[in-house]
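The structure under discussion appears below in the form of structure tokens.
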Amino acid sequence: MTPLEEIRHSAAHVMATAVLRLFPETKLDIGPPTDQGFYYDFDLDHKFTAEDLEKIEAEMKKVIKENQKFERSEVTREEAAKFFTERNQPFKLERLKDIPEGEPISLYQNGEFTDLCAGTHVRYTSQIKAFKLLSIAGAYHKGDEKNKQLQRIYGTAFPSKEELADYLMRLEEAQKRDHRKLGKQLSLFAIDDAVGQGLILWLPKGAIIRQELQNFISQELTRQGYFQVFTPHIGKLGLYRTSGHFPYYRESQFTPIIEAEALTKLADEKCSCADLMNRLADGDVDGYLLKPMNCPMHIKIFDSEPRSYRDLPVRLAEFGTVYRWEQSGELNGMTRVRGFTQDDAHLFCTPEQVQTEILGCLNLVKKVFSTLGMTEYRVRIGLRDPNSEKYTGNPANWEKAENALREAAKTLGVPYTEEQGEAAFYGPKIDFVVKDVIGREWQLGTVQVDYNLPERFNLSYAGQDNRPHRPVMIHRAPFGSMERFCGVLIEHFAGNFPTWLSPEQVRILTLNDDLIPHAQQLEAQLKASGIRTSVDGHSEKLNAKIRRAELDKVPYMLVVGTKEKEAGQVSVRSRVNKTAEGTVAFDDFVKSILDEINNRRLPVT
RNA sequence: GCCGGCUUAGCUCAGUUGGUAGAGCAGUUGAUUUGUAAUCAUCAGGUCGUCGGUUCAAGUCCGACAGCCGGCUCCA
């Protein structure tokens, strides 16, 4: 463990020590360090309250002051079992069983508290110079929903008071750029109970950002030889039985839509709900599904005419809206929703083309990220979990697909990690993952290789040998979804979007009301150039108008007074510099802002 | 879905031990005509998340439900 991890891990033990002093009946599970701090899982009848956290903190301070020494000892499995049986710690006994035979079993003791623990720790409790308990949460034992839910207390610790204060301040700062907060403040999006949980209403200003992003992608698609298509929001269940989405992912889909006639018949038959689900699953009753993915529809477009190897690759793109029944507790602003639009595309290609096409997709994702100045992301190759049965298709194809992705990732020239169990059910994938303001990771861009769906749908193209061949499919979405991406983007820019994305690009501020007609003339000229602009016509002091424009995060303010009007000039104040930048000819300003917009330049900070 | 917390005006929030709802901002109207982050006044705005209960009386106490927030689980 790193020195910081040792401090946090030791703080977790000190917390357990304090909790046992205050609540001696407590059963302990585990208490590891995390990248933000530490936690410990407890089981007791009493529900921890905010006041309890204060008491526990106070007790922890005593333990630290007592300057207890951390001492390691190795014991046999039997000794450890006896020890924790005597202390009535069932979770510890279970954790003990999970330690593989042959591994050393170590205990760490500080003061009166002894924990089953591999280590390592600081030498004395007094080395924990600064800590704070942050929150209480429920957490399943061993992360399994079927197990008992324990109470987890989160905290953090640092080598100095200054570092702790600094961390807490950064946390507070970060929360100011929370997309849910800014989305409300800047009128970007809304979620209304009457519409439904996890369903985003894009307000006019948010819609502009989304439209600009879509334009950006569309432009790239044309350059890279994609065809854009449109497909419906619903499709018959049979389509999804073939693809494998239904009924296997039924619990994460909206309930199928059944026609009125069929419903009446089912009612007459007194069909139970469970029976209905079974009959929907085996095709005895038919219906429509709100589409959870676009792929089956794109597959049908590919399959709508005979294909030759000369046509390949066929690249079909769509901003396709899909619906998934996410658990209510999982919904989160724009980043986890029930209806969302993927900037989706499916590439159908020959096995020989797979490598090149993957790389093309990855480079597109890279371009998207770099255009937006997003450098803080990690690349993850999601592989199948060999022990899980949720994956379809034969192992040889999986092998091929995983290797193709690995090779492409190597050529891409960015560091990546491989993670088992992160694959889609039909194939492995490469994900671009970013963190939100409170450190949660979200998958954005994704590229997936799929040998399975072409087989399920019996797709083929005529090869050079004039025989049918099976195409390979690549699924890819550079943003992932418009909703999640915009959510992350709001936080990335803290609402200060580059000019090309800003809902309002220029605001004209007049020095007095007599200048409003002139300002409106300028406004008309800017609008004619496609620049999003407005005039602040309030009868207020300039300072008040500036303040309003700053709060609205408008990138450029143009101040016009009589002087400027007569000279055909404007006084420019930019969001970046937060001060008057001098007076320029109006036409020159238009030229420079158009250059900034058309080249999608980032704000210089 | 599970554990815990929260829910008062469009927004941010006050509201004592239960006695019948308040501020700032935004909005309206009027005055003011302003040089780089808030001019003044005026008016208007609320079934206190919903439903039920206790009580002479509930924003306040109790219960159910919904939504939100944090975490867990999940995320094709």
Side-chain angles (χ1 to χ4, degrees), chain A residues 39 41 47-50 52 134-154 175 178 180-181 184-185 187 190-194 196-198 240 243-246 248-253 292-293 295 322 324-333 335-338 382 390-392 421-427 429 431 438 440 442-443 446 448 450 452-453 475 480 484 509-516 538-552 557-564 571-575 577-583:
Chain A
Y39 66 81
D41 287 346
K47 303 277 183 212
F48 286 131
T49 61
D52 290 333
L134 298 170
S135 61
I136 309 156
Y140 297 107
H141 173 54
K142 288 187 183 172
D144 190 333
E145 200 169 12
K146 291 182 207 76
N147 289 342
K148 181 155 194 193
Q149 193 159 37
L150 312 173
Q151 298 187 67
R152 173 173 297 179
I153 299 181
Y154 281 95
Q175 279 162 9
D178 189 312
R180 291 164 300 192
K181 201 173 258 186
K184 198 178 268 183
Q185 268 169 32
S187 301
I191 299 168
D192 191 314
D193 278 358
Q197 282 183 284
Y240 298 99
S243 71
H245 293 104
F246 191 87
Y248 301 106
Y249 289 92
R250 206 178 64 200
E251 69 288 351
S252 49
Q253 293 160 354
M293 302 206 94
C295 1
V322 298
R324 299 179 188 178
W325 186 260
E326 305 291 357
Q327 297 189 93
S328 61
E330 266 313 315
L331 299 171
N332 184 73
T335 48
R336 188 79 183 269
V337 291
R338 285 187 175 158
K390 75 171 186 176
Y391 305 100
T392 60
E422 290 291 332
F425 79 90
Y426 48 73
K429 55 182 187 168
D431 294 324
I438 48 179
R440 291 181 292 211
W442 299 101
Q443 175 206 310
T446 179
Q448 312 175 355
D450 181 3
N452 290 313
L453 289 181
H475 311 238
R484 180 176 289 178
L509 315 180
T510 56
L511 221 48
N512 61 55
D513 291 356
D514 297 338
L515 290 158
I516 289 180
H538 288 82
S539 301
E540 277 173 317
K541 285 187 181 170
L542 180 61
N543 275 356
K545 299 185 192 186
I546 288 172
R547 180 182 147 79
R548 203 181 351 256
E550 287 285 353
L551 291 176
D552 288 345
M557 287 169 233
L558 300 184
V559 177
V560 288
T562 318
K563 272 186 294 180
E564 286 83 1
S571 168
V572 180
R573 178 186 165 116
S574 79
R575 186 183 57 199
N577 292 330
K578 301 205 177 301
T579 175
E581 291 178 345
T583 310

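Convention: sequence-line order gives letters A, B, ...; per-chain numbering from 1. Everything numeric here is computed off the predicted structure, so don't read it as measured data.
- Considering only side-chain atoms of A/Ser571, the nucleotide from B/G35, B/A76, B/G27 that sits closest is B/G35.
- Residue A/Glu581 is classed as having no contact, given no heavy-atom separation below 4.0 Å to the nucleic acid.
- If you check distances only, the side chain of A/Asn543 never reaches the base of B/U36 with a donor-acceptor pair under 3.5 Å.
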**Message:** Could you walk me through whether A/Phe425 and A/His245 satisfy the side chain to side chain contact (heavy atoms under 4.5 Å, CB included) test, starting with their C-alpha distance in whole Å, then the side-chain angles of each, then the deciding distance to 0.1 Å, before giving a yes or no?
**Reply:** CA-CA 9 Å; A/Phe425 79 90; A/His245 293 104; 3.6 Å; yes
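- For A/Ala544, counting side-chain heavy atoms from C-beta on, the closest listed nucleotide (B/U34, B/U39, B/A37) is B/U39.
- Rounded to whole Å, the P atom of B/C62 lies 15 Å from the corresponding atom of B/G19.
- Closest contact between the side chain of A/Lys184 and the listed nucleotides B/A76, B/U36, B/C11 involves B/C11.
- Taking atom CG of A/Asp193 as the reference point, atom P of B/G49 lies 13 Å away to the nearest angstrom.
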**Prompt:** For A/Gln149 and A/Tyr140, what are the C-alpha separation, side-chain angles and deciding distance, and is it a side chain to side chain contact (heavy atoms under 4.5 Å, CB included)?
**Reply:** CA-CA 4 Å; A/Gln149 193 159 37; A/Tyr140 297 107; 3.9 Å; yes
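- Remark: the separation of the P atoms in B/G49 and B/U12 is 14 Å, to the nearest Å.
- Between A/Lys545 and A/Thr510 there is a side-chain heavy-atom pair separated by less than 4.5 Å.
- Formation of a donor-acceptor pair under 3.5 Å by the A/Lys578 side chain with backbone atoms of A/Arg575 is found in this model.
- Here B/U36 is the nucleotide among B/C11, B/A76, B/U36 with the atom lying nearest to any side-chain atom of A/Ile546.
- A distance of about 12 Å separates the P atoms of B/G5 and B/A64, rounded to the whole Å.
- Nearest nucleotide to the side chain of A/Ala139, out of B/U36, B/C75, B/C72: B/C72.
- The phosphate of B/G1 has OP1 or OP2 within less than 4.0 Å of a side-chain N or O from A/Ser328.
- The phosphate of B/U36 (OP1 or OP2) has no side-chain N or O of A/Arg547 nearer than 4.0 angstrom.
- Distance, A/Lys148 NZ to B/C72 P: 19 Å, rounded to whole Å.
- Between B/U36, B/U34, B/C75, one nucleotide has an atom nearer to the side chain of A/Arg573 than all others, and that is B/U36.
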**Prompt:** Would A/Thr562 and A/Leu511 satisfy side chain to side chain contact (heavy atoms under 4.5 Å, CB included), going step by step from the backbone distance to the final call?
**Reply:** CA-CA 8 Å; A/Thr562 318; A/Leu511 221 48; over 6 Å; no
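- Both geometric conditions, a ring-centre gap below 5.5 Å and a plane tilt below 30°, are fulfilled for A/Tyr249 over the base of B/A76.
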**Request:** For side chain to side chain contact (heavy atoms under 4.5 Å, CB included), just list the numbers for A/His141 and A/Asp41, CA-CA rounded to whole Å, side-chain angles, deciding distance to a tenth of an Å, and then say yes or no.
**Result:** CA-CA 8 Å; A/His141 173 54; A/Asp41 287 346; over 6 Å; no
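- A donor and an acceptor atom, one from each side chain of A/His475 and A/Asp450, are located under 3.5 Å apart.
- Atom C1' of B/C43 sits at a distance of 7 Å from the matching atom of B/U28, rounded to the whole Å.
- Checked against B/U12, B/A76, B/U36, the side chain of A/Gln253 finds its nearest nucleotide in B/A76.
- Set against B/C68, B/G27, B/A37, the side chain of A/Gln197 has B/C68 as its closest nucleotide.
- When distances run from any side-chain atom of A/Met293 to the nucleotides B/A76, B/A38, B/U32, the shortest one goes to B/A76.
- Atom C1' of B/G18 sits at a distance of 48 Å from the matching atom of B/U32, rounded to the whole Å.
- A/Thr583 has its side chain within reach of A/Glu564: a pair of non-hydrogen atoms, C-beta onward, lies under 4.5 Å apart.
- Between the base of B/G71 and the side chain of A/Tyr140 there is no donor-acceptor pair shorter than 3.5 Å.
- Side-chain N/O atoms of A/Glu326 and base N/O atoms of B/G1 include no donor-acceptor pair closer than 3.5 Å.
- A/Lys545 comes within 4.0 angstrom of no nucleic acid atom, judged by non-hydrogen atoms across all strands.
- With hydrogens and angles ignored, a donor-acceptor pair closer than 3.5 Å exists between the side chain of A/Ser539 and the base of B/U32.
- Between A/Arg180 and A/Asp178 a salt bridge is recorded (basic side-chain N to carboxylate O distance below 4.0 Å).
- When the C1' atom of B/G71 is taken as reference, atom CG of A/Asp144 falls 17 Å away, rounded to whole Å.
- Nearest-nucleotide positions on RNA chain B for A/Asp513 and A/Val559 put A/Asp513 closer to the 5' end.
- Within 3.5 Å, no donor on the side chain of A/Arg324 pairs with an acceptor on the base of B/C75, nor the reverse.
- Using atom P as the reference point in both B/C11 and B/U50, the two lie 15 Å apart (nearest Å).
- Side-chain N/O atoms of A/Lys390 include one lying less than 4.0 angstrom from OP1 or OP2 on B/C75.
- In terms of modelled atom types and a separation under 3.5 Å, the side chain of A/Asp552 and the main chain of A/Ala549 share no donor-acceptor contact.
- On the C1' atoms, B/U20 is 13 Å away from B/G15, given to the nearest whole Å.
- In this structure, A/His538 reaches the sugar-phosphate backbone alone: every heavy-atom distance under 4.0 Å involves primed, P, OP1 or OP2 atoms, never a base.
- Rounded to a whole angstrom, the distance from the P atom of B/A58 to that of B/G71 is 39 Å.
- The separation between A/Asp41 atom CG and B/C72 atom P is 10 Å, rounded to whole Å.
- Qualifying side chain to side chain donor-acceptor pair (under 3.5 Å) partners for A/Arg336, counting only residues two or more places apart in sequence or in other chains: A/Glu326, A/Glu330.
- Between A/Lys142 and A/Gly329, the one whose closest nucleotide on RNA chain B sits nearer the 5' end is A/Gly329.
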Dump every N/O contact between nucleotides 3-6 of chain B and the protein below 3.5 Å, one line per pair.
residue: B/C3; atom: O4'; partner: A/Gln149; partner atom: OE1; Å: 2.6
residue: B/C3; atom: O2; partner: A/Gly138; partner atom: N; Å: 3.3

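- Across all strands shown, A/Arg575 has no heavy atoms under 4.0 Å from either base or sugar-phosphate atoms.
- Remark: the backbone N or O of A/Tyr426 is paired with a side-chain donor or acceptor of A/Asn452 at under 3.5 angstrom.
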**Request:** Could you provide the dot-bracket string of RNA chain B, using ( ) for intrastrand pairs, [ ] for crossing pairs and | for bases paired to another strand, with Watson-Crick or G-U pairs below 3.5 Å?
**Result:** (((((((..((((.....[..)))).(.(((.......))).).....(((((..]....))))))))))))....
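- Within the 4.0 Å cut-off from OP1 or OP2 of B/C75, not a single side-chain nitrogen or oxygen of A/Arg338 is found.
- Looking only at distances, a side-chain donor or acceptor of A/Arg324 sits under 3.5 Å from a matching main-chain atom of A/Pro292.
- In the set B/C75, B/U36, B/C72, B/C72 carries the atom at the smallest distance from any side-chain atom of A/Arg152.
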